[in-house]
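In this chain, numbering begins with 1 at the start of the sequence shown.
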Amino acid sequence: MTTDTVPLTLGFSPCPNDTYIFHALVHGLVDTGGLAFRERLEDVETLNRLALEGALDVSKVSYHALGFLRDEYVLLRSGGALGRGCGPLVVTRGAASMAELRGKPIAVPGRYTTAVLLLRLFDPSLDNLVYLPFHEIMGAVARGEVAAGVIIHESRFTFPEYGLTKLLDLGEWWEVETGCPIPLGGIVARRSLGREAVAAIDRALRASVVHARTNPGAAAGYIRAHSQEMSDEVCAAHIDLYVNDFSLQLGPEGEGAVATLLQRAEASGVIPRSTALLFEV
């Protein structure tokens, strides 16, 4: 394909952290090295499945999904969600311990989400999983349709409104278990684009993050247009939680965290083993 004339399909979620990060890139506010992009906004599990189908040139994906994508996609060093204190939460209406959930239905936000991977690494016996869109999980728990739910995104801030309590912070568990920050989602690019294009995409994405951080109000309208009726306060908290220095550049600590997650997932048989290099450049 001729990447300088044909727009690359670019997938990311409508969540505030993604629209904040990608705003400058998709609106032509940074140097893209001659590349053009056609964005597609979908929830993270839809993005995971689109990438697994090879339908996107560049996309935000869960690190769990990355374990199935490594032969066809490379990981970029900028634009992702990785950090501390930002992992998925297990919430419930009545269970007193994680052990009580064994055999009981647990709502999770998609088969290939990192939330599911962390739950499986924490306790493989928690295997009665009910797959729901992430925004439907708290309601299902509150109505007693499931015993617990694994929540992500802005649900971290709003679950008390549903009368739910936190049973476990899977990110906190991971940090104590490994000493690493938690890799949630990263940006991947199709290997067939070639090293030069992949490098240009990574540079443009880093520039987009820099633009967002130095012009904090520039993306406000774009964020609000896709924020699914979140309050301004929740939008701001969402960005503060998921956008950090690792979004700018993974760096050695971030790359080590990703490697640790994938190695543990391979050892547990959750993802296939791969000898493909994780990064192209």
Side-chain angles (χ1 to χ4, degrees), residues 13 17-18 21 44-45 47-48 51-52 59-90 98 106 108-127 129 150-153 156 167-189 191 198 202 205-206 209 241-281:
S13 83
N17 61 307
D18 280 355
I21 283 174
V44 67
E45 183 66 357
L47 294 173
N48 289 338
L52 287 163
S59 186
K60 173 80 169 282
V61 298
S62 302
Y63 275 107
H64 185 183
L66 176 62
F68 297 88
L69 292 166
R70 289 176 286 177
D71 289 342
E72 301 297 329
Y73 288 85
V74 293
L75 181 64
L76 303 185
R77 290 183 166 87
S78 300
L82 184 150
R84 298 184 183 276
C86 60
L89 306 180
V90 180
M98 292 298 293
I106 302 173
V108 294
R111 187 177 301 274
Y112 296 102
T113 57
T114 305
V116 168
L117 172 56
L118 289 171
L119 186 68
R120 293 183 67 180
L121 293 177
F122 173 77
D123 185 349
S125 70
L126 298 171
D127 56 3
L129 305 182
V150 183
I151 59 171
I152 58 176
H153 300 329
R156 285 181 54 96
L167 204 55
L168 175 68
D169 185 326
L170 283 164
E172 183 178 288
W173 166 77
W174 167 265
E175 291 174 42
V176 171
E177 179 78 7
T178 67
C180 296
I182 176 63
L184 297 172
I187 314 302
V188 296
R191 289 183 185 274
V198 169
D202 214 352
L205 188 50
R206 188 175 191 275
V209 178
L241 183 65
Y242 294 111
V243 181
N244 52 38
D245 288 344
F246 292 117
S247 306
L248 188 64
Q249 189 86 352
L250 279 175
E253 185 180 14
E255 292 180 26
V258 174
T260 298
L261 182 68
L262 295 177
Q263 288 163 4
R264 291 191 173 219
E266 285 184 346
S268 300
V270 180
I271 63 172
R273 295 187 179 276
S274 173
T275 58
L277 292 176
L278 195 56
F279 301 97
E280 182 72 22
V281 290

(Q) Using a 3.5 Å distance criterion without hydrogens, assess whether the side chain of E255 forms a donor-acceptor pair with backbone atoms of L250. (A) no
Q. Got a second to check how far L119's CG is from T114's OG1, nearest 0.5 Å?
A. 12.5 Å
Q: Evaluate the side-chain proximity of V90 to L170: yes if any heavy-atom separation is below 4.5 Å, no if none is.
A: yes
(Q) Measuring only between side-chain heavy atoms, which start at C-beta, is E177 closer than 4.5 Å to F122? (A) no
Q: Determine whether T113 and H64 make a side-chain contact, defined as any pair of heavy atoms from C-beta on separated by less than 4.5 Å.
A: no
Q: Report the distance from atom CD1 of I152 to atom OH of Y242, rounding to the nearest 0.5 Å.
A: 7.5 Å
(Q) So, taking the atom named CD1 in I106 and the one named CG in L126, what distance separates them when rounded to the nearest 0.5 Å? (A) 4.5 Å
Q: Hey, could you give me the CG/CD1 distance between L66 and I271, rounded to the nearest 0.5 Å?
A: 7.5 Å
Q. Is a side-chain donor or acceptor of S78 paired with a backbone partner of L248 at a separation under 3.5 angstrom?
A. yes
**Q.** Shortest non-hydrogen contact from I187 toward G80
**A.** CG1-N, 4.1 Å
(Q) Applying side chain to side chain contact (heavy atoms under 4.5 Å, CB included) to M98 and W173, what does each step give before you reach the verdict? (A) CA-CA 13 Å; M98 292 298 293; W173 166 77; over 6 Å; no
Q: Determine the minimum heavy-atom distance between L184 and C86, stating which atoms define it.
A: CD1-O, 3.3 Å
Q) What distance separates L75 CG from L278 CG, expressed to the nearest 0.5 Å? A) 5.0 Å
Q) Does atom CD of E72 have more than 12 heavy-atom neighbours, drawn from other residues, nucleotides or ligands, at distances under 6.0 Å? A) no
Q.
I need the W174 CH2 to L117 CG distance, nearest 0.5 Å.
A. 7.5 Å
**Q.** Which residues share a salt bridge (Lys or Arg N to Asp or Glu O under 4.0 Å) with R120, sequence neighbours left out
**A.** none
Q | For S62, side chain to side chain donor-acceptor pair (under 3.5 Å) partners two or more places apart | A | N48
Q. Between G254 and L82, which heavy-atom pair has the shortest distance, and what is it?
A. O-CD1, 3.8 Å
Q: Identify the heavy atoms of A81 and N17 that sit nearest to each other, and give their distance.
A: CB-ND2, 4.4 Å
Q.
Are the side chains of L262 and R70 in contact, using a 4.5 Å heavy-atom criterion?
A. yes
Q: Would you check if Y63 and I182 make a side-chain contact, meaning some heavy-atom pair closer than 4.5 Å?
A: no
Q. For the residue pair V116 and R111, what are the closest heavy atoms and their distance?
A. CG1-O, 3.9 Å
Q | Distance-minimising heavy-atom pair for R84 and P181 | A | NH2-CD, 3.4 Å
Q: Kindly indicate, with the supporting measurements, whether the criterion side chain to side chain contact (heavy atoms under 4.5 Å, CB included) is fulfilled by V150 and L118.
A: CA-CA 10 Å; V150 183; L118 289 171; over 6 Å; no
Q) So do the side chains of L121 and L261 get within less than 4.5 Å of each other, counting heavy atoms only? A) yes
Q: Dump the intermediate steps for side chain to side chain contact (heavy atoms under 4.5 Å, CB included) on D169 and E175, then the final yes or no.
A: CA-CA 10 Å; D169 185 326; E175 291 174 42; over 6 Å; no
**Q.** Close side-chain approach of K60 to D18, heavy-atom, < 4.5 Å
**A.** yes
**Q.** S274 and D71, any side-chain heavy atoms less than 4.5 Å apart
**A.** yes
Q: Mind checking side-chain contact (heavy atoms from CB on, under 4.5 Å) for R191 and listing every partner two or more places apart, or none if nothing turns up?
A: V74, A276, E280
